[in-house]
Amino acid sequence: MRWWVTGVVGVMVLVAGCGDSTSGAPVADSPTSVVAAPVSSEPWDPCTIPNNAIEAAGLDVGSKEPDLRGGNSVASDWKVCSWKNPEPGSWFYVGVFSSSHDLEYLKQNTRFRGFEDEVDGGVEFRRSGQDAEVNCGIAHEVDGGIVYFILDGRGSRAPLGDPCTEVAQVAEALNGFLPPNAN
């Protein structure tokens, strides 16, 4: 009986090893188990944007902050990275925020206002309670959520340009590094 089982197993191995392989199919060297990678519940991390892209967008690579300015962290369902424009004459920060929330969630947040103008596939908005000449944002719906860029003035430094023009230029330059659009 033992010889019979050994013979059947040997024939099965021999048959399994015979025949044409499927074109382009991977061939395993030895039996392995396959475990599917878990789906990430984390939002996309804007700090993964390459430094050369940040520099090409007109931002100072050395000023990169993976949290809010001042070391404050954001809620766990948000990722943020920010940079300032280079010296001399640096007058603003640009923060890039990412979450699994949607644009409607952002519109319902009382800290933001003015979601009227569409700009380069995104929607322009402002922070509530701040002077319009020192802040402007652009939000993009992407697969899995939202990404928004927000420009804030640096302290008492006078603005040297229009914040909406500046943030639109940064957003356009970095658009290719965002997750795909949801549309």
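With hydrogens and angles disregarded, no donor-acceptor distance shorter than 3.5 Å links the side chain of Asp117 to the backbone of Glu124. Looking at Ser90, its side chain does come within 3.5 Å of a backbone N or O of Asn85 through a donor-acceptor pair. Ser128 places a side-chain N or O within 3.5 Å of a backbone atom of Thr110 that can act as its donor or acceptor partner. Under a 3.5 Å cut-off, the side chain of Ser99 and the backbone N or O of Ile146 do not form any donor-acceptor pair. Within the 3.5 Å criterion, the main-chain N or O of Val142 finds no donor-acceptor partner in the side chain of Asn181. Ser63 places a side-chain N or O within donor-acceptor distance of the main-chain N or O of Lys84, the cut-off being under 3.5 Å. A donor-acceptor pair is defined here as one N or O able to donate and one able to accept, closer than 3.5 Å; such a pair exists between the side chain of Arg126 and the backbone of Asn135.
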Residue pair Val167, Phe92: steps toward the side chain to side chain contact (heavy atoms under 4.5 Å, CB included) verdict
CA-CA 10 Å; Val167 77; Phe92 65 81; over 6 Å; no

Start with the C-alpha distance between Trp83 and Val94, add both sets of side-chain angles, then the distance that settles side chain to side chain contact (heavy atoms under 4.5 Å, CB included), and finish with yes or no.
CA-CA 5 Å; Trp83 300 265; Val94 171; 5.5 Å; no

Run the side chain to side chain contact (heavy atoms under 4.5 Å, CB included) test on Val123 and Glu116 for me, step by step, so that the C-alpha distance in whole Å, both residues' side-chain angles and the decisive distance to 0.1 Å come before the verdict.
CA-CA 7 Å; Val123 179; Glu116 288 101 26; over 6 Å; no

Given side chain to side chain contact (heavy atoms under 4.5 Å, CB included), test Leu59 with Tyr93 step by step and report yes or no.
CA-CA 9 Å; Leu59 300 174; Tyr93 293 100; over 6 Å; no

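The nearest pair of heavy atoms linking Ile138 to Ala171 is CD1-CB, 4.4 Å. Scanning both residues, Val119 and His140, for their nearest heavy atoms gives O-CE1, 4.4 Å. Residues Pro46 and Val96 come closest through the heavy atom pair CG-O, 3.2 Å.
The NZ atom of Lys79 sits 12.0 Å away from atom OG of Ser100, with the distance rounded to the nearest 0.5 Å.
Take Tyr148 and apply the ring-ring contact (aromatic ring centres under 6.0 Å, His included) test, not counting sequence neighbours, and it matches Trp78, Phe97, Phe112, Phe125. For Glu118, there are no side-chain hydrogen bond (donor to acceptor under 3.5 Å, both in side chains) partners two or more places apart in sequence or in a different chain.
Sorted by first and then second residue, the disulfide bond (SG atoms under 2.5 Å apart) pairs involving residues 95-139 (not counting sequence neighbours) are Cys136-Cys164.
Val80 and Leu103 fall within the same hydrophobic cluster, where Ile, Leu, Val, Met, Phe, Trp and Tyr residues are linked whenever their side-chain heavy atoms come under 4.5 Å apart, directly or through other members. Side-chain heavy atoms closer than 4.5 Å link hydrophobic residues (I, L, V, M, F, W, Y) into clusters, and following such links, even through other members, never connects Val134 to Val170.
One finds a salt bridge joining Arg154 and Glu87 here, because a Lys/Arg side-chain nitrogen approaches an Asp/Glu carboxylate oxygen to under 4.0 Å.
At least one side-chain heavy atom of Pro179 sits less than 4.5 Å from a side-chain heavy atom of Val147.
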